[in-house]
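Note that ligands are numbered from 1 as they come in the structure, with each ligand's atoms numbered from 1 the same way. Here the structure is a predicted model, which is why all the values come from computation and not from measurement. Heavy atoms only: backbone and side chains are in, while hydrogens, waters and symmetry mates are out.
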Amino acid sequence: MENFNFYSPTEFVFGKDRENECGKYVKQYGGTKVLLHFGGGSAVRSGLLDRIQNSLNEAGIPFVALGGVKPNPRDTLVYEGIRICREQNIDFILAVGGGSVIDSAKAIAAGTVYEGDFWDFYSGKAVVEKALPVATVLTIAAAGSEGSGDSVITKEDGMLKRGTGSPALRPRFSVLNPELTMTLPAYQTACGATDIMAHVFERYFTNTQEVEITDRLCEAVLMTMLKETPRVIADPMHYEARANIMWAGTVAHTNIVGVGRQQDWNSHNLEHELSGLYDIAHGAGLAVIMPSWMEYVYQHNPMRFAQMATRVFGCQMNFENPSDTALEGIACFRKFLHSIGMPINFTEAGAKAEDIPVLVEKLGVGDGCLPGFMNLTAKDAEEIYKIAANAVI
Ligand code: NZQ
Ligand code: ZN
């Protein structure tokens with residue numbers, strides 16, 4: 001196991017009706033004037049926003065509302081948020097929604113206290129050192145942004161999707177009420193489940209030896225998702241299954257399952273070009289990319305994939321030919337994604353094979369490589385996109 005620091009200071013406020021305590025927690029964490037940030041309307045329609053506004057009013061905390069965050073959140077709204085925060089002397093941002101709203105809130109939080117262009121953080125020109133405090137009320141179990149220091153924003157000009165990360169962006173508190181996820185369409189639930197599993201796999205496929213504890217934690221989260229996702233697809237109001245998925249989503253991305261080991265993240269790198277270019281859901285893009293990446297790289301360490309196949313998907317180990325077991329496990333993953341309604345190839349996801357050169361170009365690997373479980377050159381990325389374009393069950 002490698003040396004590590006584990007820093008996860010977010011207070012998770014979990015369970016039924018907990019959003020009604022928002023005002024109390026904002027006060028506790030020093031907020032005196034709030035930007036209430038939300039998405040395209042689901043939080044308004046469900047009455048959630050009203051409940052949060054009541055809670056802030058009861059605590060005597062003034063707020064300014066800024067809705068309209070789109071999935072794959074855009075830089076344009078971030079600029080507006082920064083302007084509002086500066087003009088209105090806002091000192092706390094409360095994000096009500098999924099990864100897109102939370103990431104937009106984090107970008108506003110960092111940009112408000114930065115003299116330059118906030119995009120500097122996403123283009124790699126600057127590092128986030130300080131930000132306004134952010135908190136979240138999560139409405140979809142997926143991105144894990146409620147417990148991470150990461151944020152991913154899309155620059156509308158050129159649809160360039162890029163991320164940044166900093167301890168300063170970790171939410172002060174995150175309200176996780178599984179009931180809030182019951183209004184999700186099945187497709188969004190499945191996209192979220194795919195993202196959660198991907199966050200675990202990005203950590204599971206490692207070259208670090210002797211990491212039994214994190215291997216087993218990863219496998220536990222994956223097996224939970226295999227059990228609970230079909231249950232909520234069949235019965236969206238199933239509280240206990242929703243609760244298990246919600247906590248799995250947070251656990252998957254606070255990094256507790258990934259500490260002390262090299263991680264991969266190349267499926268995410270390849271996917272971000274897909275959701276950037278076509279504006280498709282991140283989870284749907286991952287469903288197409290991740291099994292294809294697995295098929296391309298498994299020979300780098302077939303035994304690790306065979307371990308996934310036997311421990312997570314219950315495949316029989318073929319000791320004479322572990323590669324067969326590895327491939328069987330990957331096929332099980334793809335079948336599972338298909339069974340929950342995810343796309344499996346470019347056409348189903350709304351992407352085009354003829355755009356592969358554009359995707360590779362936007363990845364920006366040049367003559368170098370993307371480091372990971374297996375280092376990927378631009379040629380490797382092209383081959384993975386080709387597998388993804390033509391994948392079948
Ligand atoms: O905008 P509204 O109306 O709320 O609709 C949203 C949106 O259309 C809807 N939705 C959310 N909660 C709902 C609901 N509809 C009904 N009932 C509810 N309770 O779901 C749609 C998707 O929401 P979004 O926030 O985009 O989903 P997700 O949480 O998957 O976030 C995706 C974004 O997070 C980034 C992705 O790249 C993508 O941009 N990621 C962020 C990460 C991070 N910050 O750590 C890591 C991830 O790997 C990921 O890259
Ligand atoms: Zn993700």
What protein heavy atom is closest to [atom], reported as residue, atom name and distance in Å?
| atom | answer |
| --- | --- |
| atom 44 (N) of ligand 1 | Asp103 OD1, 2.8 Å |
| atom 38 (C) of ligand 1 | Lys161 NZ, 3.7 Å |
| atom 26 (O) of ligand 1 | Ser100 OG, 2.6 Å |
| atom 10 (N) of ligand 1 | Leu184 CD2, 3.7 Å |
| atom 12 (N) of ligand 1 | Thr139 OG1, 2.8 Å |

Cationic N near anionic O, under 4.0 Å, Arg162 to Asp75 = no
Between Ala142 and ligand 1, does any nitrogen or oxygen pair lie at a separation below 3.5 Å?
-> no
Between His272 and ligand 1, is there a nitrogen or oxygen pair with a distance under 3.5 Å?
-> yes
Check the pair Leu222 / Met225 against side-chain contact (heavy atoms from CB on, under 4.5 Å), numbers first and verdict last.
-> CA-CA 5 Å; Leu222 292 166; Met225 296 308 295; 5.8 Å; no
Rounded to 10°, how big is the angle at the Zn ion (ligand 2) from His199 NE2 to His268 NE2?
-> 90°
Across all chains, not counting sequence neighbours, the salt bridge (charged side-chain N to carboxylate O under 4.0 Å, His left out) partners of Lys379 are Glu382, Glu383
May I ask you to identify, for Met182, whether its side chain, its backbone, both or neither come under 4.0 Å of ligand 1 on a heavy-atom basis?
-> neither
Check ligand 1 against Pro73 and write out every atom of the ligand that is under 4.0 Å from a heavy-atom position of the residue.
-> 39 (O)
Kindly give the atom name of the N, O or S atom of Asp195 closest to the Zn ion (ligand 2).
-> OD1
If you measure from atom 40 (N) of ligand 1 to every heavy atom of Gly147, Gly40, Ala143, which option wins on shortest distance?
-> Ala143
Could you tell me whether a side-chain N or O of Asn345 sits under 3.5 Å from a main-chain N or O of Glu348, the two making a donor and an acceptor?
-> yes
Please say whether more than 12 non-hydrogen atoms of neighbouring residues, nucleotides or ligands are located less than 6.0 Å from CZ in Phe6.
-> yes
